[in-house]
Amino acid sequence: MAKEPLFPNPQVKPPVKEDLKPAVAEAGKKEEIKPAAPAVTLKEIELELPITVKDLAVRLQEKPSVVIKMLMGLGVMAGINQSLGEAETEKICLKYGCRVKKAPGKEELVLGAHQQEDRQEDLKSCSAVVTFMGHVDHGKTSLLDAIRKTKVAESEHGGITQHIGAYRVVLPGGEITFLDTPGHEAFTAMRARGARITDIVVLVVAADDGVMPQTQEAIDHARAANVPIIVAINKVDRPQANIDRVKKQLSELGLAAEDWGGKTITVAVSAKTGQGIDDLLEMILLEAQMLELKSNPHRLARGVVIEAKMAQGRGPVVTLLVQNGTLHLNQNIIVGNFYGKVRAMFNDRGVSVVSAGPSLPIEALGISGIPEPGEQFFAIEEEKQAKELAQARLEKERQSQIREVKRISLEDLHAQIVAGKIKDLKLIIKADVQGSLEAIKNTLDKLNVSEIKLNIIHTGVGNINNSDAVLAMASDALVLGFNVTCDELAKETAAKEGLEVKIYNIIYELASDIKAAVEGMLEPKIKKVFLGRAEVRKVFKLSRAGTVAGCFVTKGKFNRSASVSLLRNGQPVFEGKISSLKRFKDDVREVAEGFECGMALAGFDQLLEGDIIEAYEIEKIARKL
Ligand code: GDP
């Protein structure tokens, strides 16, 4: 094949190697302070990125086919309408003697005003936005209702709140906005869209039920979002209520109440009798005061979508929480791919309002569609700009067949570490039993990966659920399962969002995958297939056969030809093969779950009672990560 000329466009002078030589040599000389005259002056070309191959070709006055061939030379297979990233565009332009200058995109042009930092003197205190979280049935909805009924009716005449997804209470000591969408999953799904929607989380724990799996999930979700937690121990009216037991459980999770030597604000409440609710509100105000929440009411509003629906006769109805600035009637906003002039605004009591400042939730009419909860909105001066930006976003979404968000994955972990893109690897680990979790944590703790910090943001016993998937999404974490499966909904979310979920049956394999991935040594061609796990219950030293372990197969099966890992306190101690497998006195080929056997390992006789032996087969097929 004839070689493609490197610089096919004669109009632009390319940087030839010879030209660069003197510059490099000059730069090497210490005494030379004055920079050497560049051998080639790179022309600046202003491009809006990403740019399609076609548009780039037009700008370079080149045939698209030539650009496509050049890209192939760079290992990039691209069609004429494909968008190119910054790196590829730069490489191609360099071949034409051009340096890329990124033109401000539509986003920057239209939303430029929102990028400006607030001046200190413009900032005013604003009220807190609070979300209730906790295990199902522990009373989140009841508490929200109890507060709404008593406090809203008391403080406002007309009183009754509309359901708009958020409401506000006005107390003598201040105001609070409550988000009415309880549940950490919804909260984290919003966070995954880039929205920080809450200032304080109230963790609801039923006094009779205590800490449950979703209580722990909620704690981890709130912590991952870096939001302070206040604990409400609910249902204290119940005869089975045991407040101390809950406090003890919470202190084990790092949320010790003050009377348990900790700092967590903990209030005993009952949604049924109303006991403690005033205290809870007071504590929320106190926490809000300590957070010194501030915003600037005198600027264009921005905030977040709480919920959105289509209402008959009204069109799209969108509940917005203003987070900064003030939204005025008839102002234009952009929200996701939609835009519109705010035709009407209603507060949480259904009263029509003409403006809404920071921390206020309002229902807005006039938006062109139904945005997702968690989507951010921005007020924009000119309608034309809002419309154009919405169209540009829609166009971009249409064009990018492949999602732009690149999630973290074991496969390219090393590359991302080297590129300095990640400094800590966040992990969510689910396992069949608490013991396995401990062993995994132990093993990971001892993994010597200096390149990166392993940060376990959530662990739990049970299958991988959707809450794990959204947490991973919002926090850019990997999800690892051990002896568990992945729920259907979680699978869907993972597939849709390109999340990496990996399930293991061998602790050692999990740990070594992480280590290998960090070091960029992930071997794709070998797969260890878990066969079984056995516990060493007794150790016999026999003069002829050496050390034999009396084992009990707790899971799966063992066969004579299997490879084995020996784990002691969760740590791999030995990797090798079985040298003898017996049932009573007979050599056997296989021992199934629930049976005892005698086992000797080839080349290892330091077996101890309590050791765990894991058996696996090595499959030599491409491993999917
Ligand atoms: P959520 O799933 O956390 O929103 O829980 P709900 O608010 O739906 O409450 C679950 C159940 O517990 C309902 O039957 C409530 O009536 C009941 N419940 C909630 N709070 C209390 C309380 O303080 N005392 C008693 N006795 N029952 C409560």
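As the structure lists them, so they are numbered: ligands from 1, and atoms in each ligand from 1.
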Taking only Lys NZ, Arg NE, NH1 and NH2, and the carboxylate oxygens of Asp or Glu, determine whether Glu107 and Arg393 approach each other closer than 4.0 Å.
-> yes
Considering only heavy atoms of [X], which atoms of ligand 1 have at least one such atom less than 4.0 Å away?
X: Ser270; result: 23 (O)
X: Lys140; result: 1 (P), 2 (O), 3 (O), 4 (O), 5 (O), 7 (O)
X: His135; result: 3 (O)
X: His138; result: 3 (O), 5 (O)

Would you tell me whether Thr326 and Arg299 have side-chain atoms, one donor and one acceptor, within less than 3.5 Å of each other?
-> no
Decide whether Asp237 and Gln275 meet the rule of one side-chain donor and one side-chain acceptor closer than 3.5 Å.
-> no
Heteroatom proximity flag, Leu143 to ligand 1, N/O under 3.5 Å |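 No: no nitrogen or oxygen of Leu143 is under 3.5 Å from one in ligand 1.
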Any N or O of Gly139 that comes nearer than 3.5 Å to an N or O of ligand 1?
-> yes
Count the heavy atoms of every other residue, nucleotide or ligand shown that sit under 6.0 Å from [atom1] of [X], and state whether that count exceeds 12.
X: Asp122; atom1: CG; answer: yes
X: Gln120; atom1: CD; answer: no
X: Lys248; atom1: NZ; answer: no

Which is it for [X] and ligand 1 at heavy atoms under 4.0 Å: side chain, backbone, both or neither?
X: Arg238; value: side chain
X: Asp137; value: both
X: Thr141; value: both

Atom 21 (C) of ligand 1: which of Gln240, Met133, Gln214, Lys235 has the nearest heavy atom?
->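 Nearest option to atom 21 (C) of ligand 1, by heavy atoms: Lys235.
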Does Ala469 offer a backbone N or O that forms a donor-acceptor pair with the side chain of Asn466 under 3.5 Å?
->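 Side chain of Asn466 to backbone of Ala469: no pair is present.
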